[in-house]
Number of protein chains: 2
Amino acid sequence: MRSSVWTRERRRPPRETLSREQVVRAAIELLDSEGLNGLSMRKLAERLSAGATSIYWHVETKDDLLEYVIDEIYGEVDVPDADLAGWRSGAILLAHSLRATILRHPWLPEAISSRISIGPNAMSLSRRATALFRSAGFTGFDLDHAAGALFSYVIGSTGSQAAWMATVKASGKTVNEWANEVYAQALAAAKDDYPEQKERIADWKDVDLLQMQSASFSFGLECLLDGFAARL
Amino acid sequence: MRSSVWTRERRRPPRETLSREQVVRAAIELLDSEGLNGLSMRKLAERLSAGATSIYWHVETKDDLLEYVIDEIYGEVDVPDADLAGWRSGAILLAHSLRATILRHPWLPEAISSRISIGPNAMSLSRRATALFRSAGFTGFDLDHAAGALFSYVIGSTGSQAAWMATVKASGKTVNEWANEVYAQALAAAKDDYPEQKERIADWKDVDLLQMQSASFSFGLECLLDGFAARL
DNA sequence: TAGACACTCGCACACTGTACGAGTCAATCG
DNA sequence: CGATTGACTCGTACAGTGTGCGAGTGTCTA
């Protein structure tokens, strides 16, 4: 008779111990509240009530930890099933889900822009995204190109927006206070140096920054999808 | 009588001194050769044959230095004059120039993704880009949205490609050696876990990675521009 | 009971950004 | 001419970083 579940099921000692999942979760919390520069092994250890170097049993280096963290975040992105509501609304949902994920974790763009994403969740995300575009009718390389373009646009656009929001937050002002100040400065600068830009800047008076960013995101997204549609 | 050599030789030019431009240039060299993590004030000082803290006379903090550096790089991007060859080929040239700039300085995406770009060169770039889209016929917010979407896409797409290239470089292999290895691994993984992906992966055999990235970039770019065109 | 394993963690090291204050030189002033 | 000023340099120091090492602790298996 083969070893029973009981004797086999002793992977973890009863002693309460750290786990990689715990470390990763705590790191995400720290990143969300203090940003990429705010993450240090010592602060992370403190949050886990552990010694700083204990973390290194569960994770090879800080860089590795970030790779786990990033893949965990990729798991938060929803991809609609290919044949639920058509490829286009599927792609829109995917794009908005990715955007929301980035806005929830604004340090993500900086973290991913220096590494490639090949963790299991990233792979699964990419697989489901290509399935979506296959259902649209794309084949061959165009499949990868279309999915890649969508991700690139969403990350580029949302990354820039996240940077704006971070700047606002760092200023200690509310979004609209800040927007009004920037508007006033831009208008003053234009009056002196670039009078021909005055009308364009005047358009910005009293806009809601968040709504504007959302509209800007959708504009580019629809353009891209129109381009996809034209190739089917 | 003209001043003799003697008296002229006694007139030394003002003490040879550091300048912000010099610091910025040296920082860019260091970044290009060692990446964002390779830039430290001490290494930069060494490259300038100066004391580490001398740099702080010309630059408030390291973060400020990076802001100067980034704006300097924005100055490398070409924007064709609006009415030279039509907006579409103008936008294509702009996109390719920005892409080439990023590939020359692959640390750029990571550096810009955590800050907003409001230096003089960035502003000038943005102004010329919107001029280009105005000549296309865009007005109002669509002007900013279109220009923003183009930048977002180019930065997102090229940033991801730069990350791949960095990974290849770090592996010490040539691009194609590396691509072949990844191909083999992906094929093996798919055979075991996702047999339905086999054909898609088989397509990648012996592709030229650089050419593929360039094609992928152009694909997304043309899609985006098609979407722009449809709104005019 | 002995030993192997799965962890924890204090210490140490090389390195980071940068505040501070003393030092050096050229131009200017009296 | 000497004194003063202001632009610039830089050594020292400090708090903080990632992480290698090796000694410790508790639990399982033989």
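For the numbers below, each heavy atom of this structure counts, side chains included, while hydrogens, waters and symmetry mates do not. Residue numbering restarts at 1 for every chain, and letters A, B, ... go by the order of the sequence lines.
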> Can you name the side-chain contact (heavy atoms from CB on, under 4.5 Å) partners of Ser40(A), sequence neighbours left out?
Arg42(A), Lys43(A)
> Restricting to side chain to side chain donor-acceptor pair (under 3.5 Å), what partner residues turn up for Asp71(B), sequence neighbours left out?
none
> Which ones in residues 55-63 of chain B lie close to DNA chain D, meaning a heavy atom under 4.0 Å from one of its atoms?
Trp57(B), His58(B)
> Which residues satisfy the side-chain contact (heavy atoms from CB on, under 4.5 Å) test with Pro106(B), sequence neighbours excluded?
Ala162(B)
> In residues 24-32 of chain B, what residues come within less than 4.0 Å of DNA chain C, judged by heavy atoms?
none
> Looking at dC10(D), I'd like to know if its phosphate oxygens (OP1 or OP2) sit under 4.0 Å from a side-chain N or O belonging to Ser54(B).
yes
> Taking C-beta and beyond as the side chain, do Leu150(B) and Phe133(B) meet within less than 4.5 Å on heavy atoms?
yes
> In residues 35-50 of chain A, which residues come under 4.0 Å of DNA chain C by heavy atom?
Arg42(A), Ala50(A)
> How would you list all residue pairs meeting ring pair (Phe, Tyr, Trp, His ring centres under 6.0 Å) that involve residues 159-185 of chain B, not counting sequence neighbours?
Trp164(B)-Trp178(B)
> Pairs of donor and acceptor atoms involving the side chains of residues 45-54 of chain A, under 3.5 Å and at least two apart or interchain, shall be tabulated with distances.
unit_1	atom_1	unit_2	atom_2	d
Arg47(A)	NH1	Glu29(A)	OE1	2.9
Ser54(A)	OG	Gly51(A)	O	3.4

> Holding to ring pair (Phe, Tyr, Trp, His ring centres under 6.0 Å), I want the full list of residues that pass it with His145(A), two or more places apart in sequence or in another chain.
Phe219(B)
> Can you find a donor-acceptor N/O pair under 3.5 angstrom joining the side chain of Thr53(A) to the base of dG10(C)?
yes
> Applying side-chain hydrogen bond (donor to acceptor under 3.5 Å, both in side chains) as the test, list every pair that has at least one member in residues 107-127 of chain A; sequence neighbours left out.
Asp32(A)-Trp107(A), Asp63(A)-Arg115(A), Tyr74(A)-Ser117(A), Ser124(A)-Arg128(A), Arg127(A)-Tyr194(B)
> Give me each pair satisfying ring pair (Phe, Tyr, Trp, His ring centres under 6.0 Å) with a member in residues 27-54 of chain A, each pair once, sequence neighbours excluded.
none
> Return the set of residues passing ring pair (Phe, Tyr, Trp, His ring centres under 6.0 Å) with Phe217(A) (not counting sequence neighbours), or none when no residue passes.
His96(A), Tyr153(A)
> Check the phosphate of dT8(C) against Thr17(A), side-chain N and O only, distance under 4.0 Å to OP1 or OP2. Yes or no?
yes
